[in-house]
Amino acid sequence: MSELQNDRLLRALLRQPVDKTPVWMMRQAGRYLPEYRATRAKAGSFMDLCRTPELACEVTLQPLARFPLDAAILFSDILTIPDAMGLGLYFGDGEGPKFHRPIRCQSDVAALGVPDPEEDLRYVMDAVRLIRRELCHRVPLIGFSGSPWTLATYMVEGEGSKQFARVKGLLFDEPDVLHDLLAKLADAVIAYLNAQIAAGAQAVMLFDTWGGVLAPDNYQRFSLAYMQRIVDGLTREFAGHRIPVVLFTKGGGQWLEVMAGSGCDALGVDWTTDIGEARERVGQKVALQGNLDPCVLYASPEVIRNAVGKVLESYGAGSGHVFNLGHGIHPEIPPEHAAAMITAVHELSVQYHV
């Protein structure tokens, strides 16, 4: 970490002392930025943007040129792995992700291969290498993947869903088929994240976007168990440095204790859980990341500053907190409101680190 000009994020994730609370935003490179929209238009499509390392690097760095953020996060999509497995990812105009060949039965699962990250997903690794080079040691780079359960929801449904009828039908009717799919996805995610680490990612995060739709016992069996398998399989030391691992289950506040026992370094917390209470519950096991309601950023800068102060006050004194939104920033948020949040975090958090 010593070669980094700003290693605040890595230190906080490892619960080491910092001078102020680090901050970054989920979806910080995204549609709320006019410069992102211009690059997206130049790319021609969202997936062409993801698959062109130079453009992925460009949009990864855009928020850092505008804001004093404490980390960059790789610009990519969580569905790169199922796409590389041959499911045929596409995005219709104004629509979410869809697959031409969704998973419907055991033979579909058996036909899936585990992608080679440096061949089938080379564009992601090339983007990581390019971003690290262009960052010039300013801040750390976060790599990421979707969790097996979250990837499986899209692969089985064939698109985004509100009811999750097909994947939950598989869970209840043919659990062995779903376990086979999740095991294959866990292997793929381990290879994918380890390749990102080898290419230069200095921390990694698992996005379990849809874990919160599961009942408690099914969450542990079908989501957390496979994230645990990934944590166990990840490269945790690289080039002499610890690689922090963050787990984030949206809607998973009720399961923080069992998540903290997974061996990860930090847990993401959405806005439905008080971060001070979360800290009491996990104790010294893990750092915490979060957890301002993204909709606060629609409010005035004064209101944003007060809300930031409440989150910082709730977490309290000491390290182990990475400030973030409770989920991704919304496309309609004015960039100056994001700036107000970032400024408030850095200014108001100093008192908690003396």
Side-chain angles (χ1 to χ4, degrees), residues 25-66 72-103 112-113 115-135 141-147 150-162 185 188-189 192-193 195-196 199 201 205 207 209-210 294 327-333 335 338:
M25 294 179 293
M26 289 183 272
R27 295 199 196 120
Q28 66 187 22
R31 287 176 288 167
Y32 75 105
L33 293 177
E35 55 267 40
Y36 169 87
R37 297 195 296 270
T39 306
R40 163 72 176 76
K42 180 171 65 175
S45 74
F46 175 76
M47 285 310 296
D48 284 339
L49 181 56
C50 291
R51 290 178 180 136
T52 308
E54 294 77 14
L55 296 181
C57 176
E58 182 180 319
V59 295
T60 296
L61 298 179
Q62 284 170 348
L64 278 80
R66 188 185 272 265
I73 182 165
L74 166 69
F75 180 82
S76 188
D77 191 80
I78 64 168
L79 298 179
T80 51
I81 286 176
D83 184 44
M85 287 176 154
L87 271 63
L89 176 66
Y90 70 100
F91 291 80
D93 290 339
E95 297 179 340
K98 295 188 176 185
F99 288 110
H100 288 296
R101 294 172 290 280
I103 299 297
L112 295 174
D116 182 323
E118 284 291 356
E119 291 188 12
D120 307 308
L121 290 161
R122 178 66 179 256
Y123 64 91
V124 177
M125 305 312 143
D126 285 345
V128 171
R129 285 184 277 264
L130 183 57
I131 295 162
R132 268 300 302 273
R133 189 160 70 243
E134 293 298 316
L135 277 172
L141 173 62
I142 303 167
F144 73 92
S145 173
S147 71
T150 291
L151 298 180
T153 64
Y154 289 98
M155 295 167 74
V156 175
E157 298 290 336
E159 58 187 335
S161 177
K162 292 182 179 178
L185 285 168
V189 171
Y192 184 55
L193 289 179
Q196 289 185 34
M205 183 163 170
F207 284 93
T209 310
W210 299 120
H327 201 240
I329 187 169
H330 297 180
E332 305 84 7
I333 297 295

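In this chain, residues are counted from 1 in sequence order. Note that the structure is a prediction, hence the values are computed from the model and not measured.
Between R51 atom CZ and S76 atom OG the span is 10.0 Å, to the nearest 0.5 Å. We find the OH-OG1 distance between Y36 and T39 to be 9.0 Å, quoted to the nearest 0.5 Å. Interatomic distance, CD1 of I81 versus OG of S145, reported as 4.0 Å (0.5 Å rounding). Rounding to the nearest 0.5 Å gives a distance of 11.5 Å between CD of E58 and CD1 of I131. With values rounded to the nearest 0.5 angstrom, I333 atom CD1 is found 10.0 Å from M25 atom CE.
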query: How far apart are the C-alpha atoms of Y192 and T80, what are their side-chain angles, what is the distance that settles it, and do they pass the side chain to side chain donor-acceptor pair (under 3.5 Å) test?
result: CA-CA 10 Å; Y192 184 55; T80 51; 3.0 Å; yes

task: Evaluate the side-chain contact (heavy atoms from CB on, under 4.5 Å) criterion for residues L79 and L87: first the C-alpha distance (whole Å), next the side-chain angles of each, then the deciding distance (0.1 Å), finally the verdict.
output: CA-CA 10 Å; L79 298 179; L87 271 63; over 6 Å; no

Derivation of the ring pair (Phe, Tyr, Trp, His ring centres under 6.0 Å) call for Y154 and F99: CA-CA 8 Å; Y154 289 98; F99 288 110; 7.5 Å; no

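Between D83 and D77 there is no side-chain heavy-atom pair separated by less than 4.5 Å. Between I329 and P294, the closest side-chain pair of non-hydrogen atoms is not below 4.5 Å. Residues L185 and L112 are not in side-chain contact: their nearest non-hydrogen atoms beyond the backbone lie 4.5 Å or more apart. Between F75 and L55, the closest side-chain pair of non-hydrogen atoms is not below 4.5 Å. T153 places none of its side-chain heavy atoms less than 4.5 Å from the side chain of S161. Taking the side chain as every heavy atom from C-beta outward, M155 and P102 never approach each other to under 4.5 Å. Residues E54 and L130 form a side-chain contact, since some pair of their non-hydrogen atoms from C-beta on lies under 4.5 Å apart. Inter-residue side-chain proximity for F207 and S147 is flagged as unmet; no heavy-atom pair is nearer than 4.5 Å.
Shown are K42, R40, R66; of these, the salt bridge (charged side-chain N to carboxylate O under 4.0 Å, His left out) with E35 is made only by R66. A side-chain contact (heavy atoms from CB on, under 4.5 Å) with E118 holds for exactly one of D120, L121, D116; it is D116.
Pairing each heavy atom of A338 with each of Y32, the nearest pair is CB-CE1, 4.3 Å. The nearest pair of heavy atoms linking I73 to L141 is C-CD1, 4.1 Å. Nearest approach of V189 to G146, heavy atoms of both residues: CG2-O, 3.7 Å. Scanning all heavy atoms of the two residues, the minimum distance from A199 to R129 falls at O-CG, 3.5 Å. Nearest heavy atoms, Q196 versus G143: OE1-CA, 3.0 Å. Across all non-hydrogen atoms, the minimal contact from C50 to A56 is O-CB, 4.2 Å.
A donor-acceptor pair under 3.5 Å links the side-chain atoms of T150 to the main chain of T209, judged by distance alone. For Q28 (side chain) and P63 (main-chain N/O), no donor-acceptor pair under 3.5 Å exists by modelled atom type. In this structure, the side chain of T60 does not engage the main chain of L74 through any donor-acceptor pair within 3.5 Å. Of the possible polar contacts, none joining the E159 side chain to the P97 backbone as a donor-acceptor pair under 3.5 Å is found. A donor-acceptor pair under 3.5 Å is formed between the side chain of T52 and the backbone N or O of D48.
Partners of E134 according to the salt bridge (Lys or Arg N to Asp or Glu O under 4.0 Å) rule, which considers only residues two or more places apart in sequence or in another chain, do not exist here. Applying the salt bridge (Lys or Arg N to Asp or Glu O under 4.0 Å) criterion to R101, with sequence neighbours excluded, gives no partner residue.
Residue R31 places its CZ atom among 12 or fewer non-hydrogen atoms of other residues, nucleotides or ligands, all under 6.0 Å distant.
If you look at Y90 and H100, their ring centroids are closer than 6.0 Å.
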